[in-house]
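Order of the sequence lines fixes the chain letters, A, B, ..., with proteins taken first and strands second; residue numbering starts at 1 for each chain. We use all heavy atoms of the structure for the numbers below, so side chains are in, but hydrogens, waters and symmetry mates are not.
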Number of protein chains: 2
Amino acid sequence: MKKNEEIQLINADQKFEEFLKLKELKYTSERKLILKAIFSFDKHFNVEELFEKLREQGNHISRATIYRAIPLLLQSGLITEALHCQDKTSYENVFNREHHDHLVCTNCGKIIEFYNEKIEKLQEEVCRQHNFVPIEHRLGIKGYCEDCYKKLKK
Amino acid sequence: MKKNEEIQLINADQKFEEFLKLKELKYTSERKLILKAIFSFDKHFNVEELFEKLREQGNHISRATIYRAIPLLLQSGLITEALHCQDKTSYENVFNREHHDHLVCTNCGKIIEFYNEKIEKLQEEVCRQHNFVPIEHRLGIKGYCEDCYKKLKK
DNA sequence: ATGATATTGAGACTTAATTGCAATGAAAAA
DNA sequence: TTTTTCATTGCAATTAAGTCTCAATATCAT
Ligand SMILES: [Mn+2]
Ligand SMILES: [Mn+2]
Ligand SMILES: [Zn+2]
Ligand SMILES: [Zn+2]
């Protein structure tokens with residue numbers, strides 16, 4: 001694990017601990033290990049991958065425990081649910097990462113991240129107009145990336 | 001069924017038939033009835049609701065047949081997959097309906113549709129900036145509807 | 001250390017969705 | 001019209017993600 005990743009993990013660990021304390025829940029060794037495993041992924045993961053990763057790291061933590069930890073990690077804001085790929089729900093480590101939305105190339109699968117302040121503000125406005133209290137949102141634009149579009153035009 | 005709904009159904013029927021012919025598939029009575037049932041929903045539906053609706057209309061069509069019809073209806077552009085609410089996948093009749101995005105209440109499941117021209121334009125701008133050619137997009141905002149927020153505040 | 005209670009693992013369970021198969025039906029060919 | 005072909009259907013078995021039960025265990029405030 002790289003140095004800065006390690007620091008990130010320590011910070012995330014703290015955040016999770018605080019969250020759990022607030023909820024009067026316990027920060028067990030299993031939950032610690034799950035968080036650590038999440039940080040060893042680049043970004044995206046699903047429950048099965050997490051289970052496997054934990055086993056690789058020598059920790060046998062049951063699927064039930066992982067499934068029970070997910071809602072807590074979501075609530076604490078450490079991870080978010082990512083786009084449903086096929087059947088399995090996948091998640092994204094978003095600790096200390098800025099919010100962003102996605103352009104997804106339907107041809108090559110390339111993902112371009114973007115952030116547009118104006119779009120974000122307008123979403124808030126829409127919510128106000130409908131007396132709706134937003135928790136989170138997801139904007140995904142499917143299409144062709146530059147390279148693929150050039151190729152397909154031929 | 002109202003007059004204009006009926007006309008819509010006839011047009012959708014034609015579109016589906018053309019699609020199936022192109023794919024060298026058969027437009028069976030079951031598929032006709034499924035399409036008709038979809039038009040008797042306001043907009044959104046899931047497979048279970050569709051199954052029930054068909055039964056109400058006196059037609060016993062197996063779940064397997066419905067599940068097998070869904071990909072065809074998606075490919076033909078008559079329906080789109082909506083946001084996963086809870087566990088079941090839900091769909092939306094989009095034939096001859098204007099594009100719109102969604103506010104989804106995570107508490108009661110209520111769906112509010114909205115359309116914001118500025119957001120749409122800004123998305124186009126984002127795509128241009130990245131030399132990305134958009135095909136379709138989906139914007140979903142999860143949160144609490146007015147009623148649920150009031151209830152939960154107590 | 002003690003005690004209240006949150007948590008865990010294992011496997012049973014639930015349920016959305018898929019699939020195999022024999023019977024049926026649509027539609028093109030004769 | 002009749003024949004022929006093969007897509008389609010219903011049913012039930014199957015798969016697999018996710019949830020739940022419960023006895024044993026771990027955490028943490030006191
Ligand atoms: Mn955004
Ligand atoms: Mn839109
Ligand atoms: Zn591409
Ligand atoms: Zn609500």
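- A salt bridge links Glu48(A) with Arg63(A): at least one charged nitrogen is closer than 4.0 Å to a carboxylate oxygen.
- Per the geometry, CD belonging to Glu24(A) stands 10 Å off P belonging to dT30(D), to the nearest Å.
- A straight line from CZ of Arg31(A) to C1' of dT25(D) spans 14 Å, rounded to a whole angstrom.
- The closest donor-acceptor contact from the side chain of Asn116(B) to the backbone of Lys118(B) lies under 3.5 Å.
- Using the six-membered ring where Trp is involved, Tyr115(A) and His99(A) have ring planes that are perpendicular, over 60° apart on the 30 and 60° scheme.
- dG25(C) atom C1' lies 13 Å from atom NZ of Lys32(B), rounded to whole Å.
- Looking at the side chain of Thr28(B), the nearest of the listed nucleotides dT27(D), dA7(D), dA26(C) is dA26(C).
- Using a 30° and 60° split on the angle between ring planes, Phe41(B) and Phe45(B) fall in the parallel class, below 30°.
- Between Thr89(A) and dG18(D) there is a side-chain N or O to OP1 or OP2 distance below 4.0 Å.
- Of all the residues in residues 51-67 of chain A, Ala64(A), Tyr67(A) reach under 4.0 Å from DNA chain D with at least one non-hydrogen atom.
- For the pair Asn93(A) (side chain) and Phe95(A) (backbone), a donor-acceptor distance under 3.5 Å is present.
- Using a cut-off of 4.0 Å between Lys/Arg side-chain N and Asp/Glu carboxylate O, Glu17(B) and Lys21(B) are scored as not salt-bridged.
- Both Glu48(B) and Glu17(B) sit near DNA chain C, but only Glu48(B) has its closest nucleotide nearer the 5' end.
- Smallest separation of non-hydrogen atoms from Arg31(B) and Lys26(B): NH1-O, 2.7 Å.
- Projected onto DNA chain C by closest heavy-atom contact, Tyr27(B) and Arg68(B) fall at different nucleotides, the more 5' of which corresponds to Arg68(B).
- Direction change of the helix axis from one end of the helix from dA1(C)-dT30(D) to dA30(C)-dT1(D) to the other is 40°, with five pairs defining each end axis (rounded to 10°).
- The existence of a salt bridge linking Arg138(B) and Glu81(B) is excluded, since no basic side-chain nitrogen approaches an acidic carboxylate oxygen closer than 4.0 Å.
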Before you tell me yes or no, could you show the steps for His137(B) and Lys142(A) under side-chain contact (heavy atoms from CB on, under 4.5 Å), namely the whole-Å CA-CA distance, both residues' side-chain angles and the distance that decides it to 0.1 Å?
CA-CA 6 Å; His137(B) 69 265; Lys142(A) 289 185 182 176; over 6 Å; no
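- When the nucleotides dT9(D), dA7(D), dA29(D) are ranked by their closest atom to the side chain of Lys26(B), dA7(D) comes out on top.
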